[in-house]
Protein chains: 2
Amino acid sequence: MSKLLLIDDDVELANMLKEFLTQEGFTVTTAHDGLTGEQYVLAGKFDLVILDVMMPGQDGMQTLRNIRQHSDIPVLMLTAKDDNEGRIEGLEDGADDYVQKPCLPRELVARIRAILRRQTADMPKGNDIVVGQLVVSSERRKVFWADKPIVFTSTEFSLIEILAKHAGTIVSKEDLSIKALGRPLVKYDRSIDVHLSSIRQKISDASGGVNVIQTIYRVGYQLVRE
Amino acid sequence: MSKLLLIDDDVELANMLKEFLTQEGFTVTTAHDGLTGEQYVLAGKFDLVILDVMMPGQDGMQTLRNIRQHSDIPVLMLTAKDDNEGRIEGLEDGADDYVQKPCLPRELVARIRAILRRQTADMPKGNDIVVGQLVVSSERRKVFWADKPIVFTSTEFSLIEILAKHAGTIVSKEDLSIKALGRPLVKYDRSIDVHLSSIRQKISDASGGVNVIQTIYRVGYQLVRE
DNA sequence: GTATACTTTAATCAAGATTTACATTTAAAC
DNA sequence: GTTTAAATGTAAATCTTGATTAAAGTATAC
């Protein structure tokens with residue numbers, strides 16, 4: 001069954017949830033602060049993380065960002081009532097869903113199952129993302145155009161990987177910066193533009209002039225399905 | 001059950017703890033100074049070390065560093081109240097957790113179990129880590145490429161072991177330094193680079209030109225499954 | 001002590017990321 | 001339509017990080 005990591009400073013609540021989730025057939029590990037949680041994510045092979053937003057020390061948002069530096073694991077956030085700002089912030093930083101605290105365990109389970117289902121549906125074979133002729137292998141960090149390898153640098157790969165994951169939808173430049181470069185976009189920062197330029201060049205060379213990355217002025221970029 | 005090594009100069013306290021931990025199902029060996037403790041670590045097959053920071057002669061920090069030269073065994077440190085500096089220093093030097101003295105035996109047991117659980121999550125099957133043609137035997141501290149042994153130094157082994165444990169995911173250079181060398185990465189520190197260079201050379205020689213260690217620029221390294 | 005194996009530092013080169021600079025495009029205001 | 005300010009594309013310069021080799025420092029065994 002699926003392995004969950006529960007990060008919450010409230011030990012009592014965590015144990016209660018753990019008990020309930022275990023009964024539902026999940027394997028649950030708990031961590032009671034953000035830093036420990038992060039280490040667990042890197043070490044253990046979990047399928048999903050449940051992360052409390054409000055924690056002393058390193059809070060949930062920061063933990064989420066740190067986790068996203070290294071891992072694409074689905075994250076479900078536990079948030080205080082009506083914290084819509086945090087909700088939006090978290091979704092931008094890569095959270096997969098939200099549940100309000102205090103929560104009905106049953107709802108929590110339903111959302112966990114929904115995310116896990118979505119996850120496995122998203123990625124059919126291995127970890128390869130296929131968009132038309134373009135194949136992005138997250139596992140090997142390699143990219144192909146119709147089986148022909150394209151050599152990308154590390155940052156270029158991160159960018160095309162993000163675009164490929166969200167193929168068909170628009171990703172903001174801000175998002176690209178945070179997720180691929182690990183820092184927010186500042187004024188006059190042209191890094192993303194330059195990297196995208198190189199990526200387009202390389203894909204164009206490999207494909208014979210195809211441009212799969214579309215610019216949406218003042219909104220972002222999207223990888224188009226041919 | 002798990003075998004613990006308790007290193008503490010306070011004979012009376014040590015015996016008390018030993019008794020309690022034994023009742024909890026652990027097998028406990030005691031040492032009353034750092035040097036003796038170190039020898040025990042190297043000699044015996046322990047699962048975890050409980051180490052007092054304040055000891056006459058060689059103190060706990062030094063003992064920890066010495067242990068980390070040769071072993072990745074989990075270490076839980078016993079520290080004086082509010083010694084946050086030492087706490088940070090110790091974590092940087094590779095301690096797995098902290099407990100304040102005087103401590104509730106029950107909390108100690110909980111933390112021991114937490115560390116051991118985390119540890120076993122790291123190593124799911126047997127003790128040999130197999131990644132493609134590469135076999136890393138933690139027990140014997142030996143490495144093979146398709147049954148052909150490769151001779152690694154102690155540090156090289158620690159590095160490839162860590163990478164193998166996290167095969168398929170990225171490990172930061174900072175993490176490698178802390179876990180393999182037992183110290184944080186400082187500016188202009190090229191040690192990890194040099195060791196990785198040697199490791200690559202040896203694996204390449206043994207395999208006939210294969211490079212299994214991938215660099216992710218400014219992020220870290222990962223062992224790829226071929 | 002001396003020899004040996006190992007680790008770290010130093011130095012150099014190569015690869016990658018970011019900034020700069022300028023051309024071009026876009027959308028809105030007039 | 002024309003103008004304008006902001007946003008984007010891209011080439012080149014600059015800065016940062018990684019790879020590799022050799023040399024210097026450390027520890028260990030004999």
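Atom set for the values below is all heavy atoms of this structure, side chains included, hydrogens, waters and symmetry mates excluded. Letters go in sequence order (proteins before strands), and every chain restarts at 1.
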Sugar-phosphate, base or nothing in reach of [X], heavy atoms under 4.0 Å:
X: A:Phe157; answer: nothing
X: B:Tyr221; answer: sugar-phosphate
X: A:Lys173; answer: sugar-phosphate

Any heavy-atom pair between the side chains of [Y] and [X] that's under 4.5 Å?
X: B:Val131; Y: B:Leu163; answer: no
X: A:Lys165; Y: A:Ile129; answer: yes
X: A:Glu38; Y: A:Ile67; answer: yes
X: A:Thr29; Y: A:Lys3; answer: no

Check the phosphate of [N] against [X], side-chain N and O only, distance under 4.0 Å to OP1 or OP2. Yes or no?
X: A:Thr215; N: D:dG9; answer: yes
X: B:Ser191; N: C:dT7; answer: no
X: B:His195; N: C:dT8; answer: yes

d([atom1], [X]; [atom2], [N]) in whole Å:
X: A:Arg200; N: D:dA11; atom1: CZ; atom2: C1'; result: 16 Å
X: A:Arg190; N: D:dC15; atom1: CZ; atom2: P; result: 19 Å
X: A:Arg141; N: C:dG16; atom1: CZ; atom2: C1'; result: 14 Å
X: A:Asp193; N: C:dA17; atom1: CG; atom2: C1'; result: 14 Å
X: A:Ile199; N: D:dT10; atom1: CD1; atom2: P; result: 12 Å
X: B:Ile192; N: D:dT20; atom1: CD1; atom2: P; result: 15 Å
X: A:Asp189; N: C:dA17; atom1: CG; atom2: P; result: 14 Å
X: B:Arg218; N: D:dT17; atom1: CZ; atom2: C1'; result: 7 Å

- Item | 5′-ward residue of the pair A:Thr153/A:Tyr188 relative to DNA chain C | A:Thr153
- DNA chain C: 5'-proximal contact among A:Val194 and A:Val151 (nearest heavy atom): A:Val151
- Message: Tell me whether B:Asp193 is salt-bridged to B:Lys173, with the criterion being a basic N under 4.0 Å from an acidic carboxylate O.
- Response: yes
- Message: Can you tell me which nucleotide in D:dA12, D:dT20, C:dT8 comes closest to the side chain of B:Leu181?
- Response: C:dT8
- Any idea which of C:dT8, C:dG16, C:dT19 is nearest the B:Tyr217 side chain? C:dG16
